[in-house]
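Whatever order the structure lists them in is the order used to number ligands and atoms, beginning at 1.
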Amino acid sequence: MPVPHHPAGSGAIAVRVEQLTRVYGGDGQPVTALGGVDAAFARGTFTAVMGPSGSGKSTLLQSAAGLDRPTSGRVWVGATELSQLSETALTKLRRTEIGFVFQAFNLIGALTVEENILLPLRLSKVRPDRRWIAEVVDRVGLGERLKHRPAALSGGQQQRVAIARALAMRPKVIFCDEPTGALDTQTAAEVLALLRAVVTDQGQTVIMVTHDPVAASYADRVMVLADGRIVRDMPQLGANRIAEELASLGRARAVRS
Ligand code: ADP
Ligand code: MG
């Protein structure tokens with residue numbers, strides 16, 4: 001696999017977070033979900049974000065995607081710093097520059113596959129680039145299913161529709177929160193191979209939360225969170241090594257607590 005080249009300059013970075021902090025809860029005991037996270041994600045790379053339940057993975061994704069406003073710190077998507085944006089501008093940026101793929105697919109049941117894929121364009125009043133959409137549909141292998149509704153599809157097919165929807169706008173980055181969490185092993189492998197191809201062949205940037213070392217082994221880089229901080233940031237060295245790292249981190253945490 002070619003090592004991505006990271007020239008200096010902001011154009012090479014798809015997403016950057018600086019001293020990102022998120023504290024939940026005004027009344028009662030506040031919870032620090034993120035405690036000052038610094039990270040940059042180069043364009044054309046695939047990062048797996050791992051860590052125990054409650055370590056801040058979803059909060060990191062939501063803040064970086066502009067779905068949630070951090071308590072403090074800054075987020076850049078490309079050259080745009082999100083805290084500078086009005087709600088309207090943030091909504092527009094979310095629709096045009098960011099794709100999101102959730103564990104639960106989040107497709108609209110009343111729309112066909114094709115309508116679901118084109119929805120972000122419609123909402124942003126962007127005319128579909130038919131060649132690109134055809135390429136996306138071809139890539140996710142849904143050509144025969146365009147007129148079907150999501151309920152007629154398997155889980156893996158529904159997740160492929162969600163990935164096509166995320167790609168339709170050619171976003172700067174695609175965030176995936178446990179995209180294979182609801183899928184069987186074989187279907188998960190197909191979805192992961194698709195995400196890998198989207199990065200390798202189309203130069204997309206993917207940031208994916210996963211619990212599964214095998215899923216993480218499709219990425220270029222593995223970042224591990226614990227208690228709202230990055231505790232490991234390493235190149236992907238195969239599912240076995242990832243599982244060993246997680247186990248050793250778990251043992252170190254058990255000794256400390
Ligand atoms: P992960 O995705 O790694 O499981 P989350 O980012 O969902 O972790 O959560 C990090 C911490 O923040 C947890 O302690 C969680 O309980 C807390 N948290 C997340 N969302 C909220 C919320 N909306 N209100 C209060 N606490 C929250
Ligand atoms: Mg989560």
Undergrad: How close do K57 and M50 get, heavy atom to heavy atom, and via which atoms?
TA: CD-C, 3.5 Å
Undergrad: Answer yes when R196 and D201 have at least one side-chain N-carboxylate O distance shorter than 4.0 Å, and no when they do not.
TA: no
Undergrad: How far apart are the closest heavy atoms of G156 and V191, and which atoms are they?
TA: O-CG2, 4.1 Å
Undergrad: Any salt bridge (Lys or Arg N to Asp or Glu O under 4.0 Å) involving residues 90-101? Give me the pairs, sequence neighbours left out, ordered by first then second residue.
TA: E97-K172
Undergrad: Is I230 close to D233 at the side-chain level, that is, under 4.5 Å between some pair of heavy atoms?
TA: yes
Undergrad: Under 2.8 Å from the Mg ion (ligand 2), which protein N, O or S atoms do you find? Ignore water molecules.
TA: S58 OG
Undergrad: Can you tell me which residue pairs pass the salt bridge (Lys or Arg N to Asp or Glu O under 4.0 Å) test with a partner in residues 142-169, sequence neighbours excluded?
TA: E114-K147
Undergrad: Under a 4.0 Å heavy-atom cut-off, what residues line ligand 1?
TA: Y24, V31, A33, P52, S53, G54, S55, G56, K57, S58, T59
Undergrad: Given 3.5 Å as the limit, does a donor-acceptor pair link the side chain of Q159 with the main chain of F102, or not?
TA: yes
Undergrad: Counting only heavy atoms not in R139 (residues, nucleotides, ligands), do more than 12 fall under 6.0 Å from its CZ?
TA: yes
Undergrad: If the threshold is 4.0 Å, N to carboxylate O, is there a salt bridge linking R170 and D129?
TA: yes
